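Everything numeric in this text was worked out from a predicted model, so none of it was measured. Just so it is clear: chains get the letters A, B, ... in the order the sequence lines come, proteins before strands, and each one is counted from 1.
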2 protein chains.
Amino acid sequence: MTTLKDLSRHLGLSVTQVSRAINDHDDVSASTKERVREAAKELGYSVNLTARSLVTGRTGMVCLIRDGHLNLPEHTSGFEVISGLSMEFSQRGYQFNLQMTPEGTDPVKVYKKAVASGSFDGFILTDATVNDERVALLEELGVPFVVHGRVGEDPKHAYFDIDNYGVALHQVRHLTTLGHKRIGLLNGRDGYVYSESRIDGYKDGLAEAGIAFDDRLIRSGPMIEDQALISTIAMFQDIDPAPTALICSNILLAKGAYHALSALNLSIPQDVSVIAHDDVLSSIRASAFYPALTVTKSPFEDGYSVIADILCSRIDPSQKDVESVEVPFKFIERASTDKPA
Amino acid sequence: MTTLKDLSRHLGLSVTQVSRAINDHDDVSASTKERVREAAKELGYSVNLTARSLVTGRTGMVCLIRDGHLNLPEHTSGFEVISGLSMEFSQRGYQFNLQMTPEGTDPVKVYKKAVASGSFDGFILTDATVNDERVALLEELGVPFVVHGRVGEDPKHAYFDIDNYGVALHQVRHLTTLGHKRIGLLNGRDGYVYSESRIDGYKDGLAEAGIAFDDRLIRSGPMIEDQALISTIAMFQDIDPAPTALICSNILLAKGAYHALSALNLSIPQDVSVIAHDDVLSSIRASAFYPALTVTKSPFEDGYSVIADILCSRIDPSQKDVESVEVPFKFIERASTDKPA
DNA sequence: TTTCATTTCCGAAACGTTTCGGATATGATT
DNA sequence: AATCATATCCGAAACGTTTCGGAAATGAAA
């Protein structure tokens with residue numbers, strides 16, 4: 001392995017000056033920089049990141065920790081996020097560390113250890129829960145981190161988020177404006193911030209229209225097709241009069257809902273209107289539905305580069321702060337929503 | 001941050017002795033070790049991995065590099081592998097680094113840089129291709145690595161692999177023994193070792209039975225349902241007489257084949273026998289087929305811990321070598337194969 | 001000529017750990 | 001009393017880099 005000392009000997013320069021040449025400091029003459037660059041290439045020099053880290057205190061590594069083995073299709077979006085983030089950070093010169101912990105591991109322990117090891121400059125948090133203890137911990141420890149999602153109202157931490165509240169509110173408004181009064185919600189798992197925000201938007205939307213809230217009309221669970229199949233059928237069996245409209249928190253749930261409604265011999269939108277939120281994942285396209293699906297839409301992938309930018313700016317004080325963002329959504333009315341019968 | 005020096009001051013011991021106590025060397029008295037442990041907990045000490053790396057030359061990090069964004073469903077297995085490996089390495093005290101490079105990046109450059117950075121103790125290679133240049137490079141550089149798959153016959157490098165040749169050979173034998181003479185193969189993408197091995201086994205199986213090879217009966221491509229749909233229909237339209245049996249290189253392809261045969265109004269197994277290889281991914285279960293699918297089977301997940309063991313043993317010379325393995329497959333005859341009509 | 005700013009350089013210290021070689025104390029053996 | 005083995009400890013060097021403070025050379029300004 002070639003070191004700075006080797007280079008300095010070879011060039012008749014001090015180690016200091018070679019280091020400064022390589023890092024492009026401005027008290028090195030252009031000609032020296034050129035000589036150093038050439039020698040470095042010739043001797044195959046490349047900076048030892050470990051040694052650099054020891055003195056700078058920065059490792060150039062960011063870490064994403066996930067609990068439990070990822071299985072499909074529930075974690076499709078989780079995978080896409082990992083893939084997208086890894087690429088973004090690579091391109092910014094950071095190493096992306098993925099740490100999968102066995103199901104049910106105490107996050108506080110894991111994060112404490114990860115921080116204490118000093119190996120990471122920052123963390124990316126996904127699947128934020130209400131009152132997420134990881135956020136409190138990392139804030140207390142003073143470590144840079146960014147959350148895919150948001151915990152609490154108007155949080156201090158850096159985040160990238162979708163307007164989940166607004167999405168649900170808009171969906172309900174669209175349906176109530178059409179005249180619907182009994183609106184079902186197929187939602188994600190309880191406890192996650194995005195799920196709870198959707199519920200808030202849903203409730204406020206109903207309240208605006210003067211519709212009483214009926215908790216039988218909300219079904220929570222993994223956002224997969226089979227879950228929607230079960231929830232939809234259960235909902236239409238249990239509740240009389242049955243809902244006239246259905247909100248699906250993602251496209252997979254919509255697929256299951258379509259299937260269930262078809263099985264129940266109900267037509268979309270004549271018997272039941274369906275509206276969904278589209279994360280625009282590469283695997284499931286909203287365009288493939290018949291009848292065409294009315295959606296709110298905010299592409300997941302819009303977030304990867306933003307998240308990377310935010311975290312990098314938090315890590316490197318020389319960069320100017322990138323603000324947290326809440327991306328707006330689009331509304332696309334297609335054929336799956338109409339007036340109630 | 002608490003350092004060894006802080007601990008040593010606090011305890012009235014030398015830095016040396018504290019270090020040796022923490023690393024459980026045997027020239028430290030039991031009582032001292034206990035005192036050190038307590039003080040470490042009290043002061044919240046945790047070893048600085050960067051500093052340790054600098055002197056030991058090992059970082060405790062392994063790296064997996066992938067080219068191009070992962071999309072579903074083609075890369076389902078890739079995702080499961082990443083998830084599984086990350087967990088295994090975490091449990092062994094290693095950091096798992098995932099580096100996604102933009103599509104088409106030159107792997108030699110990327111790996112050279114990764115090795116030169118000195119950040120990684122070892123590499124995991126997936127999606128091995130015939131004459132994989134990464135293998136030659138890493139061998140030349142003398143870096144520990146393990147391949148999920150195998151390049152070349154009887155390779156020197158460490159690997160975990162499935163008996164792909166044997167799988168295809170067995171599948172063909174089963175079909176020829178039943179009396180089939182025209183056997184189609186829906187295979188993975190060309191160029192990958194596993195695909196080519198399957199072809200070798202397929203050809204040898206045909207040769208054993210004295211059946212001439214017909215290249216129209218092999219279709220290569222991404223191992224996804226839609227590809228099988230296209231390939232199967234094309235095969236049955238183009239070739240006269242049509243095949244009486246179909247080998248599918250994985251379960252997704254089998255799903256597409258079932259769909260296509262149903263569309264073509266052909267019955268399984270009366271008109272066409274179908275046999276597939278089952279990687280046992282959590283997302284697609286072979287058991288869900290009707291008629292029940294005859295398979296060869298070797299679970300992907302069997303490999304994660306083996307791969308981790310192999311690489312760890314290559315990295316840490318104090319551990320005894322774990323040998324490369326080729327796992328055997330099981331054969332499960334179900335209802336999708338029978339004599340030709 | 002002297003002074004001063006600018007450019008270009010360098011030695012030494014520091015980051016936190018491990019390890020090498022040796023030191024000291026204790027008690028047993030000769 | 002002298003020798004030796006054992007258990008326990010320690011100082012100093014080393015890993016490869018960055019950075020602090022200052023030095024030397026150059027040319028312009030006084």
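Interatomic distance, Ser83(B) OG to His75(A) NE2, rounded to the nearest 0.5 Å: 9.0 Å. Considering OH of Tyr111(A) and CD1 of Ile65(A), their distance stands at 4.5 Å, rounded to 0.5 Å.
For Leu54(B), the side-chain atoms get nearest to dC15(D) when compared with the rest of dT18(D), dT17(C), dC15(D). Of the candidates dC9(C), dC9(D), dT17(C), the closest approach to any side-chain atom of Thr32(B) belongs to dC9(D).
Between Tyr194(A) and Tyr192(A), the angle of the ring planes stays under 30°, which puts this pair in the parallel group of the 30/60° scheme. Taking the six-membered ring for Trp and thresholds of 30 and 60 degrees, Phe89(B) and Phe96(B) have nearly parallel ring planes, at less than 30 degrees apart.
Distance, Leu49(B) CG to dC15(C) C1': 15 Å, rounded to whole Å. Here dT18(C) presents its P atom at 8 Å from CD1 of Ile22(B), a figure rounded to the nearest Å. For Arg20(A) and dT8(C), the CZ to P distance is 12 Å, given to the nearest whole Å. Residue Asn48(B) contributes atom CG, which lies 13 Å from atom C1' of dC15(D) at whole-angstrom precision. For the pair His25(A) NE2 and dC20(D) P, the interatomic distance rounds to 10 Å; values are reported in whole Å. Between the CE atom of Met1(B) and the P atom of dC15(C) there is a distance of 9 Å, given to the nearest Å.
Among the protein residues, Ser53(A) comes within range of no part of the nucleic acid, since none of its heavy atoms lies under 4.0 Å from any strand. Residue contacts shown for Asp26(B) are absent, as no nucleic acid heavy atom lies under 4.0 Å away. At a threshold of 4.0 angstrom between heavy atoms, the contacts of Asp27(A) include nucleobase atoms, whether or not backbone atoms are also involved. Across all strands, Ser29(B) comes closer than 4.0 Å only to sugar-phosphate atoms, never to a base (heavy-atom distances).
Using a distance-only test at 3.5 Å, with no hydrogens or angles considered, a donor-acceptor pair links the side chain of Arg314(B) to the main chain of Val322(B).
The end-to-end axis angle of the helix from dT1(C)-dA30(D) to dT30(C)-dA1(D), rounded to 10 degrees and based on five pairs per end, is 70°.
For residues 5-17 of chain A, proximity to DNA chain D is found at Val15(A), Thr16(A), defined as any non-hydrogen atom under 4.0 angstrom from a strand atom.
A heavy-atom distance below 4.5 Å is not found between the side chains of Arg66(A) and Val81(A). Residues Ser8(B) and Leu4(B) form no side-chain contact, since every pair of their non-hydrogen atoms from C-beta on lies 4.5 Å or further apart.
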request  = For His148(B) and Thr126(B), run side chain to side chain donor-acceptor pair (under 3.5 Å): C-alpha distance rounded to whole Å, both residues' side-chain angles, the deciding distance at 0.1 Å, then the answer.
outcome  = CA-CA 5 Å; His148(B) 192 198; Thr126(B) 61; over 6 Å; no
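Checked for salt-bridge contact, Arg35(A) and Glu38(A) miss the test: no charged N lies under 4.0 Å from a carboxylate O.
OP1 and OP2 of dT17(D) both lie 4.0 Å or more from every side-chain N or O belonging to Ser19(A).
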